[in-house]
There are 2 protein chains.
Amino acid sequence: MVDHVLEVLKSCSLLSGLPEAALREVAPLARVRPFRANEVLYQRGEVQSALSVVGAGNVRIGSTNAEGREIMLTLFEPGAWFGDTVFSPGMPRVFGATAHTDGELVEVPGQDYRALLARYPEAYPRTLDMLSRRLWSAISIIEDNALRDMPGRVGRRLLFLAHMHAPQRGPGPVTFKLTREHIANMMGMTRQGVHGVLKTLEQRGLIRFSYGRITVPDLDALKAYLDERTG
Amino acid sequence: MVDHVLEVLKSCSLLSGLPEAALREVAPLARVRPFRANEVLYQRGEVQSALSVVGAGNVRIGSTNAEGREIMLTLFEPGAWFGDTVFSPGMPRVFGATAHTDGELVEVPGQDYRALLARYPEAYPRTLDMLSRRLWSAISIIEDNALRDMPGRVGRRLLFLAHMHAPQRGPGPVTFKLTREHIANMMGMTRQGVHGVLKTLEQRGLIRFSYGRITVPDLDALKAYLDERTG
DNA sequence: CGCCAACTGTCAAACCGTTGACAGTCTCAG
DNA sequence: CTGAGACTGTCAACGGTTTGACAGTTGGCG
């Protein structure tokens with residue numbers, strides 16, 4: 001069991017700055033939490049903090065507003081981490097997490113994680129780097145949303161997800177398990193609006209889609225198209 | 001001169017986790033860079049990294065796309081820091097910086113700053129906290145932009161700026177030196193669109209404005225209005 | 001102290017995405 | 001293998017923003 005936890009922790013980019021000995025130390029403190037599709041894992045506003053690493057399955061990050069409208073920020077795959085409030089103890093979570101498929105989470109209590117970092121300070125630079133890259137991503141999204149039209153935004157977001165899911169993949173198609181509604185929730189659009197945009201992109205051969213599934217056959221082609229239609 | 005640099009560094013929240021002795025060490029390595037309104041300080045894409053602290057004046061953070069359209073992310077006042085790429089050496093800057101007024105910057109070379117942190121590891125938790133809060137802010141903006149209509153976005157952004165400029169101010173009016181065009185550039189709107197939104201907010205007594213200046217007389221009233229019109 | 005450049009107010013037409021509604025299609029669990 | 005539920009395609013009407021254009025206002029620089 002601990003072996004399994006250790007494997008998950010090792011797969012997490014945030015923790016890869018820590019020596020294996022350190023990961024062995026925390027592994028027994030971590031909790032394995034299996035989940036089923038659409039289960040709510042965390043809600044926006046919770047104060048309790050833990051570092052969560054996706055061990056299996058997919059997790060949607062986002063939140064729901066008072067009117068019941070959902071906003072989805074991103075979709076995480078195994079190896080991804082979230083719960084950035086571990087770095088700001090006492091802050092409420094800005095977003096919630098919902099299971100997108102069945103899977104499991106490995107949760108390291110916030111204080112254990114922080115204590116570990118204090119004991120292995122050589123891991124700090126890597127940790128700062130990871131956080132700063134995440135900030136970089138968030139700002140890119142803000143820029144895209146401000147400067148691009150709907151097709152541009154949707155395309156950029158798909159590219160973003162693709163890169164996140166497989167940073168060093170070679171050429172080849174990437175498929176997401178996303179409905180039109182999910183995409184609408186990511187972009188602040190409606191299901192019908194997304195429909196039109198996807199149809200446009202499909203006509204240009206940049207994406208393909210079937211029920212609940214979207215495929216980008218060629219990331220570079222999509223990127224080239226997007227770059228061309230706005231600096 | 002070094003005294004002056006030291007004062008600026010001490011005013012910076014990012015550095016307040018470092019003991020004064022540490023700040024005295026870096027102060028001589030820092031460079032003071034005066035600037036005039038509208039001068040370009042950094043351009044998007046530059047790789048060289050430095051931690052910049054605003055010593056005086058205001059700085060616009062944002063970038064310009066190939067079509068010449070500008071996107072503004074935020075406006076920094078004295079004591080604010082930027083140049084998050086110091087944490088990810090080699091990454092290009094995601095955004096540029098432009099002088100909004102006359103003023104001056106204090107720049108600490110990236111490697112000197114990183115070396116300093118390594119020498120005073122007790123400052124790391126605070127540093128992570130600051131970065132994580134910045135991420136929090138960015139994500140809030142993404143959410144607002146996805147879920148709210150134009151008046152909601154503009155109002156929220158004004159609140160955001162107000163809180164950033166004076167985190168622990170008591171009640172009382174806050175004034176920004178922003179033209180309609182600046183606001184339009186922050187929101188991805190047009191000058192004319194902003195006009196309509198501001199007129200609406202003004203009619204409700206939530207803001208006042210004159211040439212190049214916007215005043216929020218009562219932050220709480222604005223917040224209450226925004227909370228009411230969307231969870 | 002006057003002029004120019006920057007900022008502002010306003011309008012009509014065009015556009016794009018939303019709203020709301022309904023029928024068609026696929027998938028998966030039983 | 002079959003039915004219910006989830007997902008999708010499409011349409012017309014509506015509404016808010018942009019576009020483009022122009023005149024009016026302000027403030028600071030010379």
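Bear in mind that the values here come from a model prediction, so they are computed numbers and not experimental data. Here is the naming used below: chain letters follow the sequence lines, and residue numbers restart at 1 for every chain.
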With a 4.0 Å cutoff (strictly under), does any side-chain N or O of [X] reach OP1 or OP2 of [N]?
X: H195(A); N: dG9(D); result: yes
X: R180(A); N: dT8(D); result: yes
X: K199(B); N: dT8(C); result: no
X: T179(A); N: dC7(D); result: no

Classify the angle between the aromatic ring planes of Y113(A) and F87(A) as parallel (below 30°), tilted (30 to 60°) or perpendicular (above 60°).
->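 Answer is perpendicular, since the angle exceeds 60°.
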
Check whether any side-chain N or O of D102(A) sits under 3.5 Å from a backbone N or O of A37(A) as a donor-acceptor pair, and report yes or no.
-> yes

What is the separation between atom [atom1] on [X] and atom [atom2] on [N], rounded to the nearest whole Å?
X: L198(A); N: dT10(D); atom1: CG; atom2: C1'; result: 15 Å
X: R148(A); N: dT18(D); atom1: CZ; atom2: P; result: 18 Å
X: E181(B); N: dT18(D); atom1: CD; atom2: P; result: 13 Å
X: N185(A); N: dG17(C); atom1: CG; atom2: C1'; result: 16 Å
X: K177(B); N: dA6(C); atom1: NZ; atom2: P; result: 13 Å
X: R213(A); N: dC28(C); atom1: CZ; atom2: P; result: 7 Å
X: M150(A); N: dC15(C); atom1: CE; atom2: P; result: 18 Å
X: H182(B); N: dC7(C); atom1: NE2; atom2: P; result: 7 Å

Between E70(B) and R60(B), is the closest basic N to carboxylate O distance under 4.0 Å?
-> yes

Is it true that D144(A) and R156(A) make a salt bridge, defined as a side-chain N closer than 4.0 Å to a carboxylate O?
-> yes

Within 45° cone of F176(B) ring axis and under 6.0 Å: R157(B) NZ or CZ | no

So which nucleotide from dT26(D), dT8(D), dG9(C) ends up closest to the side chain of F209(B)?
->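 Ranking dT26(D), dT8(D), dG9(C) by closest atom to the F209(B) side chain puts dG9(C) first.
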
Where each residue is assigned the nucleotide of DNA chain C containing its nearest heavy atom, which of Q192(A) and P151(A) is assigned the position nearer the 5′ end?
->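 The residue whose closest nucleotide sits nearer the 5' end is P151(A).
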
Donor-acceptor pair under 3.5 Å, R191(A) side chain vs dG9(D) base | yes

